[in-house]
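In this text the structure is predicted, and so the values were computed from the model without any measurement. No hydrogens, no waters, no symmetry mates; every other heavy atom, side chains included, goes into these values.
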Amino acid sequence: MKKSVFFGAMTVAALAAGAAAAGTLDDVKARGKLNCGVTTGLVGFAAPDANGEWQGFDVGVCRAVAAAVLGDPSAVEFVPTTGKTRFTALASGEIDMLARNTTWTFSRDVDLKFEFVGVNYYDGQGFMVPKALGVSSAKELDGATVCIQTGTTTELNLADYFRTNNISYEPVPIETNAEAQPLYLEGACDVYTTDASGLAATRAAFENPGDHVVLPEIISKEPLGPLVRHGDSEWGDVVRWSLNALIAAEELGVTSANIGEMSMAAGDNPEINRLLGTEGTLGEMLGLSADWAKNAIMAGGNYGEIFEKNIGENTPIGLGRGLNAQWTDGGLLYVPPFR
């Protein structure tokens, strides 16, 4: 990661320390609105629809947190950020949390003074090329021009991969996915590289998706998840456990269809009772109402419902669960117990 991209790690860290001191949970409650940082537009993950309403997988996390804290999933101000601007926006307090295809790395967690509260999508970097190029492997890309978003982990991953395989490339720097699409389609770059989920979303938006192929190589680990500032553990707990509530709800069989009935009275499963607030004091521990998790789940459904609605196999994005399946189904989704 190049520190200069973020106007100096120390500057970001100093901003983060100052913004966190005020207490984000109290700020959000007083404001009556959550300021949530998202991407500038990636269909399936975060993008405004025809009516200007933000929709997507990452948007679902923002709405769940707003519902948990304020009881209203629509009480969100979505703030579009680029790879360059996202960290400064969070550190300065312009946004309360960041939910936009951001990879959890050592330096972002430690040096930039942020706290990743979990992973909502396990991803990896890949490559997309025009089918007409006749390429079947990333190792055949020697001398290629590559469109790549600046201020992202993909820059270093790309350099490492080509260096390791002793092949050369020419970078074509871009700031947003929207900027990359026309450049790639016009042939200004031979290859577009980003997280594989982003490639699937980008390809689905093309007029002729079948004219483009995502190569088989996945060259990195990209655990994507929401993050907050260091120094505000109370707020970090709220965002972390709101995400955990969505994941746990799927594991426990709590859905948007049955949650009303389940939360009417305590049932036979103590963990579901604690999750939905019919038993115990988990909400009180967070400084929230007893039905905070119920509200978060009702905002858009459990994790699986949000996944299938926005990026699942029956959507144009067409992503399978893969690593993002529950641990009981061979995936990596595993959250601590609600007790």
Which atom of [X] lies closest to which atom of [Y], heavy atoms considered:
| X | Y | result |
| --- | --- | --- |
| Thr315 | Glu308 | CG2-O, 3.3 Å |
| Gly301 | Leu246 | O-CD2, 3.7 Å |
| Ala248 | Val335 | CB-CG2, 3.9 Å |

For Ser197, the option from Thr202, Asp123, Asn324 that meets side-chain hydrogen bond (donor to acceptor under 3.5 Å, both in side chains):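 With Ser197 as partner, side-chain hydrogen bond (donor to acceptor under 3.5 Å, both in side chains) holds for just one option, Asp123.
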Side chain to side chain contact (heavy atoms under 4.5 Å, CB included) between Met262 and Thr278, worked out: CA-CA 9 Å; Met262 284 188 168; Thr278 56; over 6 Å; no
Is it the case that atom [atom1] in [X] sees more than 12 heavy atoms from other parts of the structure closer than 6.0 Å?
| X | atom1 | answer |
| --- | --- | --- |
| Arg31 | CZ | yes |
| Asn166 | CG | no |
| Phe206 | CZ | yes |
| Asp49 | CG | yes |
| Glu140 | CD | yes |
| Lys29 | NZ | yes |

For Glu115, all residues meeting salt bridge (charged side-chain N to carboxylate O under 4.0 Å, His left out), sequence neighbours excluded: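 Once residues adjacent in sequence are excluded, the partners of Glu115 under the salt bridge (charged side-chain N to carboxylate O under 4.0 Å, His left out) criterion are Arg240.
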Any donor and acceptor pair, going by atom type alone, linking the side chain of [X] with main-chain N or O of [Y] inside 3.5 Å?
| X | Y | value |
| --- | --- | --- |
| Thr150 | Glu175 | no |
| Thr105 | Arg108 | yes |
| Arg229 | Phe114 | no |
| Asp232 | Thr24 | yes |
| Arg86 | Gly151 | yes |
| Asn302 | Glu305 | yes |
| Tyr303 | Leu243 | no |
| Asn258 | Thr255 | yes |
| Asn269 | Ile272 | yes |
| Lys131 | Gly210 | yes |

Minimum side-chain heavy-atom gap [X]-[Y] below 4.5 Å:
| X | Y | result |
| --- | --- | --- |
| Leu34 | Met97 | yes |
| Leu227 | Thr102 | yes |
| Pro223 | Thr103 | yes |
| Asn157 | Glu222 | yes |

Indicate, with yes or no, if [Y] and [X] share a hydrophobic cluster defined by side-chain heavy-atom contacts under 4.5 Å among Ile, Leu, Val, Met, Phe, Trp and Tyr.
| X | Y | answer |
| --- | --- | --- |
| Ile167 | Val135 | yes |
| Leu286 | Met298 | yes |
| Val172 | Ile148 | no |
| Leu319 | Leu215 | no |
| Ile174 | Leu141 | no |

Ring centres under 6.0 angstrom apart (Phe127, Tyr192):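 Not under 6.0 Å, so no.
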Centroid-centroid under 6.0 Å between Tyr169 and Tyr161 rings: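 No - the distance between ring centres of Tyr169 and Tyr161 does not fall below the 6.0 Å cut-off.
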Phe307 six-ring centre to Arg321 NZ/CZ under 6.0 Å and within 45° of normal: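 Verdict for Phe307: a cation-pi partner in Arg321.
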Non-neighbouring partners of Thr164 that pass side-chain contact (heavy atoms from CB on, under 4.5 Å), sequence neighbours left out: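 Partners of Thr164 by the side-chain contact (heavy atoms from CB on, under 4.5 Å) criterion come out as none, since no residue qualifies.
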Tyr184 and His212 aromatic ring geometry - parallel, tilted or perpendicular at 30°/60° bounds: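 Answer is tilted, since the angle falls between 30° and 60°.
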